[in-house]
Structures are given as structure tokens and as C-alpha cells.
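All values reported here derive from a predicted model rather than from experimental measurement. Naming: A, B, ... by sequence-line order, numbering from 1 per chain.
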2 protein chains.
Amino acid sequence: MPYYQNVVKNNTSAQGYLTLNLYCSPMTEKPATINIIAKKAGVGLETIRYYQRIGLIEEPEKPLSGYRVYGEDTVARLLFIQRAKELGFSLAEISSLLALGDGSCLETKALAIHKLDIIKNKLHDLQAIASTLEKLIQSCESNPFHHGCPLITAISKK
Amino acid sequence: MPYYQNVVKNNTSAQGYLTLNLYCSPMTEKPATINIIAKKAGVGLETIRYYQRIGLIEEPEKPLSGYRVYGEDTVARLLFIQRAKELGFSLAEISSLLALGDGSCLETKALAIHKLDIIKNKLHDLQAIASTLEKLIQSCESNPFHHGCPLITAISKK
DNA sequence: GTAACCCCCGTACCTAGCTACAGAGTCAAG
DNA sequence: CTTGACTCTGTAGCTAGGTACGGGGGTTAC
């Protein structure tokens, strides 16, 4: 018996096979094995195993003699990890960012404020680079033979 | 004979010993050896040598049987590299960013536009994380026992 | 002039973050 | 029930980006 793949469009949740359970459903349309979620998230499956080893993502229970099944939440988490990495966060930092969302607010509020501070600094620097690049591009348009545009000064001063 | 250190305040340029040459002077108050600029830039001197080896920063000419002398521009470049690294750029990417400022605009305009695009994406993601963190902190304030705040959804969707 | 630094060059080593592979087990289509 | 694609576990190897070190020499303070 085949799974009813793609029957429920734009929805990753389905309890049993065809139940429309948009919110809080722990099941996916089709038992998603590691390779399937790896492709969905655009990472290698060895990477997923690595993240499990270091505790960045949870390893689902292994059914006695069978393959592990993953939920959509794992895909979302993997996507988050990729984007956060591109923003210069280490896996350890990403782990603590994710813990902010998982844990009790009371115990992590101070940490969240601290993280926000770091992120605002990054935002500031990125904006400075972006506006310098914009000026650079504009000055190229007005004077295509211009030579030597200072990018460094945009963010190098503390 | 000692160098007139700190005689010229807030100014890193001095041609000869006491000449006030605020702009475009290639000399520093005191011959800045590798260790001095390493400290100024807050990096290890081994790091500077490494950057020289991979061509990220230029190695000054070695005076016959003497120590290399570095300019303030090297410090600025090093600071830029540090900040850009924190923003998730690899050394190769930083190298090409810096080349944008060094090279002819004509030949690098397209590259600049491309980089700007990448940076704007990063900006977007960072802003999403920042605003989610802000909401997280606010909801903690209104309900300190709240549990489980979704950070992932902020940026995980393409 | 000599002890205490500092620089140079080369090479070896280290951590983070994957990536590959071997060997054995599992699943499902035909 | 066989075959081929997939999974599991464990371990080894790889790249980027440094970091440490050792031997040889230069420089400076005393």
C-alpha cells in the first residue's frame, strides 16, 4: 500500500495517512527516513548524524530492528542551522540560540538579551558593508574608471 | 635616540619623527613591528603571518637584515577581517570583498552587486532573528513562566 | 658586552565541522 | 525469496583557519 504523498498540499502534517491535522501533529505523510529529510533540508545525511552526535539535533528513538523516522520539525531545525551558520554563528552558539526557544523563558531571558546584543552588532556591521558596497556600485556607474574604493573603513573602527 | 612616541595624539602618521603629516603618510610614529600591530588589531602574530602566507594581507619588504615595518593600513585591514569573519564570511570571501575596494570598479562592479545581494539576505535573516528574540524577551516579561518560544520559524523558511 | 627580548622561517600540531567508508542489517518490489 | 537500494554503527580522513614551537639571528637595556 502506497503512502498518499502530495495529497495534502503545502502541509507537512498528517496523522495516520489522510487526516488533516494542521497543528501539533507529530506525524508526517510518509515515514521520513534520514535520507529524505537530508534532501529536504539540503544537507548530507552524514551531517545529520554528526549533529546528532554533538547533540545539536535530537535522534529519534530507533524502533527495534528498523529505520528511524524523522518529523518536519527536524527539517525546520536543519534549515535554521544552515542559515544561522551563514550568519557566522558557530554550532555551539546555534545550540544555545535554539535552547532559548526550547527552554523556560525565565531562565534564559538574560541570555536572550545578550544574544540580541551580539546580533545587533552584526546587523550594524552588515549594514555598513552593504551601504559601502552600494556607494561603490554607484560611484562605478558615475565614473567607471574610478580606482581604489575604501571598503575597510566601513566597519574596521570599533 | 628614542622615538617621539605619543607626541602626536590621535594621529598615527609622522614622516621622519615629528612631521605632522595627517594624510597619506606611509610612516608611523614608531616603526611598527609585527607584534605591535598584532596587539593593536587584537590578533596573534602567527595569524598575521598566516594571512600573509595565503595572500590575504601584503607582506612589507624586509629591510636587509632587519625587522619588517607595518603601517596603520595593515591594522585597519586586520580589524576589517575580524569583523567580516564574525559575519560569516570565509577568508576567501573576505579576500574578494577587499579586492573590490582595491581593484578597478569597472571589472568588479558585477561582483559587488552579487556580494551586496548575499549581504542583504544575511541582513534579512539577522533582522528576523533579532525581532524574534525581541518578542521572546517581551513575552518573558509579560509571562515569566511561558515555555517554548519558536525561534526556528523566524528564518528557516526559504 | 651580555642578558633579555624580539623577529624570521619552517614545520608540526590543533580544533571545528564535516565527509567517506566498511561491514552488517533492513525493507520492499518483482 | 531474491535483489538492490537504503540504513545503522563505528571509525578514519579531510579542509579551513589558525596556533605552537624550535633554531637561528637581531636589538636594546643595563
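- As rounded to whole Å, 13 Å separates atom C1' of C:dC7 from atom NZ of B:Lys39.
- If you measure from atom CG of A:Asn35 to atom P of C:dT19, you get 15 Å, rounded to the nearest angstrom.
- With sequence neighbours excluded, the residues that form a side-chain contact (heavy atoms from CB on, under 4.5 Å) with A:Glu59 are A:Gln52, A:Arg68.
- When the side chains of ILVMFWY residues are joined at heavy-atom separations under 4.5 Å, either directly or via intervening members, A:Leu87 and B:Leu123 end up in a single hydrophobic cluster.
- A:Ile118 meets the side-chain contact (heavy atoms from CB on, under 4.5 Å) test with A:His114, A:Lys122; sequence neighbours excluded.
- Salt-bridge annotation for A:Glu58 and A:Arg77: absent, with no side-chain N of the basic residue lying under 4.0 Å from a carboxylate O of the acidic one.
- Residues from residues 52-60 of chain A placing a heavy atom under 4.0 Å of any atom in DNA chain D, listed by number, are A:Glu59.
- A close approach under 4.0 Å does occur between a side-chain nitrogen or oxygen of B:Thr33 and OP1 or OP2 of C:dC7.
- The side-chain contact (heavy atoms from CB on, under 4.5 Å) search around B:Tyr51 returns B:Thr47, B:Ile54, B:Leu56, B:Ile57, B:Leu78, B:Ile81, B:Gln82, B:Lys85, B:Leu91, not counting sequence neighbours.
- One atom, CD1 of B:Ile34, and another, C1' of D:dG25, lie 16 Å apart when rounded to the nearest Å.
- Taking only side-chain nitrogens and oxygens, B:Tyr51 comes nearer than 4.0 Å to OP1 or OP2 of D:dG18.
- For DNA chain C, the residues of residues 43-50 of chain A within the heavy-atom distance limit of 4.0 Å (strictly under) are A:Glu46, A:Thr47, A:Tyr50, sorted by number.
- For A:Tyr67 against D:dC6, a side-chain N or O and a base N or O form a donor-acceptor pair under 3.5 Å.
- For the pair A:Arg68 and D:dT9, the criterion of a side-chain N or O lying under 4.0 Å from OP1 or OP2 is met.
- By the side-chain contact (heavy atoms from CB on, under 4.5 Å) test, B:Ser96 pairs with B:Lys115, sequence neighbours left out.
- Closest heavy-atom contact between A:Leu116 and B:Ala130: CD1-O, 3.4 Å.
- Counting only heavy atoms from C-beta outward, the side chains of A:Ile94 and A:Phe80 approach each other to under 4.5 Å.
- Among pairs with a residue in residues 127-140 of chain A, those fulfilling salt bridge (charged side-chain N to carboxylate O under 4.0 Å, His left out) read A:Glu134-B:Lys120, at least two apart in sequence or across chains.
- OP1 or OP2 of D:dG18 lies within a sub-4.0 Å distance of a side-chain N or O belonging to B:Lys85.
- If you check C:dC8, D:dT9, D:dG18 against the side chain of A:Lys62, the one that comes closest is D:dT9.
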